[in-house]
Structures are given as structure tokens and as C-alpha cells.
Amino acid sequence: PNPASTETDLRFGLPADADVKIEMFDVSGRRVFEDVAPGMPRGWQTYRLDLSGMPVGSGVYFVRVSTAGTSRASRLVILR
């Protein structure tokens, strides 16, 4: 869901097996989260982003999913 409070699912498609890097940035561009999901298979994938343990407050954030030279970013609103 967007806005989210405790968790949200990121859904993305992979054309081939790949390591996937997930990053989240605040509006000033500071990275507040980073994770690597190694060896994800090709096809549609879901990554559960657990916000409950993150030291972030309410606001607008940007989530970037990167793999093999390609990246996509989307906006995420967090309400605490």
C-alpha cells in the first residue's frame, strides 16, 4: 500500500536471473535503507519492505530497485 506505515511490497519484473539492490532515500537524497537480494530468478518478483524497524518518520521517500545496469525509482509515502 502507498501510503504505508509498517510494511509495503515492491513488485518488479526481471528479464533474467540477477542480484537486485533495493535503496530508499529521503527527500534530501540521503540513503536511509539499502539491501541486496542475491540471485533472484527472472519473472515477476515481490520484495517486502519492512518499515517498522526503520528509523524514519512520516514523509515522502524514494525507493530505487537496481539490477545489471538498470534501475527504477518510485515514490513512497510513509505515515506513522
Requested in this report: Report the residue from L10, L14, V36 that forms a side-chain contact (heavy atoms from CB on, under 4.5 Å) with V20.
Outcome: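 Among the candidates, only L14 passes.
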Query raised in the report: Do you know the tightest heavy-atom contact between S5 and L51?
Result: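 The answer is O-CB, 4.0 Å.
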**Report entry** Other residues, nucleotides, ligands: >12 heavy atoms within 6.0 Å of R80 CZ
**Finding:**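 Yes, enclosed.
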To the nearest 0.5 Å, what is the distance between [atom1] on [X] and [atom2] on [Y]?
X: R64; Y: F33; atom1: CZ; atom2: CZ; answer: 13.5 Å
X: E23; Y: Y61; atom1: CD; atom2: OH; answer: 15.5 Å
X: I22; Y: F12; atom1: CD1; atom2: CZ; answer: 4.5 Å
X: M54; Y: T6; atom1: CE; atom2: OG1; answer: 11.5 Å
X: D26; Y: I78; atom1: CG; atom2: CD1; answer: 10.0 Å

Would you kindly confirm whether [X] and [Y] end up in one hydrophobic cluster when ILVMFWY residues are joined by side chain heavy atoms under 4.5 Å apart?
X: F25; Y: V56; value: no
X: M24; Y: M40; value: yes
X: V27; Y: L79; value: yes

Query raised in the report: Donor-acceptor pair, T67 side chain versus D19 backbone, under 3.5 Å?
Result: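 Side chain of T67 to backbone of D19, a donor-acceptor pair under 3.5 Å: yes, one is there.
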Report task. For T8 and L49, indicate whether the former's side chain and the latter's backbone hold a donor-acceptor pair under 3.5 Å. Result ->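 It does not hold such a pair.
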**Report entry** Set of side chain to side chain donor-acceptor pair (under 3.5 Å) partners for T46, sequence neighbours left out
**Finding:**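 In terms of side chain to side chain donor-acceptor pair (under 3.5 Å), with neighbours along the sequence ignored, T46 is linked to R11.
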Report task. Could you tell me which residues satisfy salt bridge (charged side-chain N to carboxylate O under 4.0 Å, His left out) with R42, sequence neighbours excluded, listed by chain and number? Result ->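 If we apply the salt bridge (charged side-chain N to carboxylate O under 4.0 Å, His left out) test to R42, skipping adjacent residues, there are no hits.
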